[in-house]
Participant: 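Sending over a structure as structure tokens; questions will come in a sec.
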Amino acid sequence: HHRSLSPRAPQIGTNEWLRIGSTFHSLHAIASEASPVKSFGSVDAAGIDVIEGEGIVLCCFQTRTGIKFVLTAEPGTMHLHQVLREIYVAYTDCALKDPFYELDMPIRCELFTQAINDIMDRYDR
Amino acid sequence: SQATMTVHSLNIFDRKGKTLFTKTYSPLAKKQQRYLNQTGTAEPGSDPITEQRKLVFGMLFSLRELLGSLTPADGDKEPSLEAVKTGSSTVHTYETMSGLRFALYTTNDVPSSNLSSMRSDFSESTFAQDVLRHIYSNLWVECVIRSPMYTTHNPASKDSFDVKMTNFERDLDSYLSSLPWFR
């Protein structure tokens, strides 16, 4: 699932999103290998949480099943981890509990889209 | 809390990914490097630590490209990578105009910059981006680039210039020890 949430977001086609997604998936795992220090906690702790760049911040939440929720935002934007958790809850409510939704398929649920709209409205205030 | 902040390691790469300088600082990182050396796998002719450094360079290189695709194009800045945080550590990175790349691994409580989501509440923070800039502009440039051995060495020759012939490491250690978050 991919979605622009601001007019400033770059226009990225579906194929490029797929490429970005698979690149990020690999780099997410490599980041733990590359670290000179490994924490021996749960699998949830492994992989990229945050990437900070000039002019952008990327935040990632990974579920126990390996699904990654990724948000990009203006640096200094607050509550990104909270937003990601709410999106995860929306995913479980709207997609996973939808009897017509097949796992690992693109998510095209109107309820999910609406839930994201609601989350964004609340946080933009 | 300030008690946990520490530097794990510093790597300096040239634009092609060759390691120009590497040092491990924290006892935890040193211990895990020893463990990796004994138990890790590597290509013939290499070792697990060198392979790990290649991962660092490759990851930073690819992430910068990735970030470039995701950054709004209307900004006036060249998209650049500053920090990558995982559950176990943060790597702060700085790239110079000439392609020299610094990678500083720290604990997760060291803030990258004043816009960093990782900043803690105490006001006397030293930002990792400023630290890396200082290491480059004041230490690397002074000790290495201005060294007579550097200016006279032939970049095309197989014998590369050795940073160990300069005072860089000594000055670097001294600088890092002076930071509030170095242990």
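Proteins get letters first, then strands, A, B, ... in listed order; numbering begins at 1 in each. Atom set for the values below is all heavy atoms of this structure, side chains included, hydrogens, waters and symmetry mates excluded.
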Participant: Take atom NZ in B/K31; do more than 12 heavy atoms of anything else shown fall under 6.0 Å from it?
Facilitator: no

Participant: Should A/I67 and A/M105 be counted in the same cluster of Ile, Leu, Val, Met, Phe, Trp and Tyr side chains packed under 4.5 Å apart?
Facilitator: yes

Participant: Within this structure, what is the CZ-OG distance for the pair A/F24 and B/S62, rounded to the nearest 0.5 Å?
Facilitator: 12.5 Å

Participant: Are A/F69 and A/L111 connected into the same hydrophobic cluster when the rule is that any two of I, L, V, M, F, W, Y join if their side-chain heavy atoms are below 4.5 Å apart?
Facilitator: no

Participant: If you define the side chain from C-beta out and look only at heavy atoms, does anything of B/Y105 sit under 4.5 Å from A/V37?
Facilitator: no

Participant: Just wondering, do B/T86 and A/D49 contact through their side chains at under 4.5 Å, heavy atoms?
Facilitator: no

Participant: Where does A/A9 contact chain B at under 4.5 Å (heavy atoms): side chain, backbone, both or neither?
Facilitator: neither

Participant: Just wondering, are more than 12 heavy atoms of other shown residues or ligands nearer than 6.0 Å to CZ in B/F21?
Facilitator: yes

Participant: Compare all side-chain heavy atoms of A/I12 with those of B/L70 and state whether any distance is below 4.5 angstrom.
Facilitator: yes

Participant: How far does OG of B/S88 sit from NZ of A/K38, to the nearest 0.5 angstrom?
Facilitator: 7.0 Å

Participant: Return the option, out of B/G58, B/S80, B/A29, with the maximum number of heavy-atom pairs under 4.5 Å with chain A.
Facilitator: B/S80

Participant: Between A/A34 and B/L55, which heavy-atom pair has the shortest distance, and what is it?
Facilitator: CB-CB, 4.1 Å

Participant: Measuring from atom OG of B/S69 to atom CD1 of A/I56, what distance do you get when rounded to the nearest 0.5 angstrom?
Facilitator: 9.5 Å

Participant: Would you confirm whether B/Q52, through its side chain, and A/E33, through its main-chain N or O, come within 3.5 Å as a donor-acceptor pair?
Facilitator: yes

Participant: Counting only non-hydrogen atoms closer than 4.5 Å, does A/Q11 touch chain B with its backbone (N, CA, C, O), its side chain (CB onward), both, or neither?
Facilitator: neither

Participant: Give me the atom names and distance for the closest heavy-atom approach of B/Q32 to A/P36.
Facilitator: CB-O, 3.5 Å

Participant: Report yes or no: do A/W17 and A/L27 belong to one cluster of Ile/Leu/Val/Met/Phe/Trp/Tyr joined by side chain heavy-atom distances under 4.5 Å?
Facilitator: yes

Participant: Do A/Y101 and A/Y88 land in one hydrophobic cluster if side-chain heavy atoms of ILVMFWY residues count as linked below 4.5 Å?
Facilitator: yes

Participant: Would you mind telling me which of B/T93, B/L63, B/T24, B/T107 has the largest number of heavy-atom pairs within less than 4.5 Å of chain A?
Facilitator: B/L63

Participant: If you look at every heavy atom in A/E54 and B/T71, which pair is closest and at what distance?
Facilitator: O-CG2, 4.4 Å

Participant: Tell me, do A/V50 and B/T90 make a side-chain contact under 4.5 Å, heavy atoms counted?
Facilitator: no

Participant: For the CD1 atom of A/I51 and the CG atom of B/L66, what is their distance to the nearest 0.5 Å?
Facilitator: 6.5 Å

Participant: With a 4.5 angstrom heavy-atom cut-off, is it the side chain or the backbone of B/V91 that approaches chain A, or both, or neither?
Facilitator: neither

Participant: Would you say NE2 of A/H25 has more than 12 non-hydrogen atoms from neighbouring residues, nucleotides or ligands within 6.0 angstrom?
Facilitator: no

Participant: Which atoms of A/L58 come close to chain B, meaning under 4.5 Å heavy atom to heavy atom: side chain ones, backbone ones, both, or neither?
Facilitator: side chain

Participant: Of all the heavy-atom pairs spanning A/I30 and B/M59, show the shortest one and how long it is.
Facilitator: CG2-CB, 4.1 Å

Participant: Taking a hydrophobic cluster as the set of Ile, Leu, Val, Met, Phe, Trp and Tyr residues connected by side-chain heavy atoms closer than 4.5 Å, whether directly or through intermediates, do A/F112 and A/L103 fall within one such cluster?
Facilitator: yes

Participant: Do B/S89 and A/S35 get their side chains close enough for a donor-acceptor pair, meaning under 3.5 Å?
Facilitator: yes

Participant: Kindly check if the number of other-residue, nucleotide or ligand heavy atoms within 6.0 Å of CZ (B/R133) is above 12?
Facilitator: yes

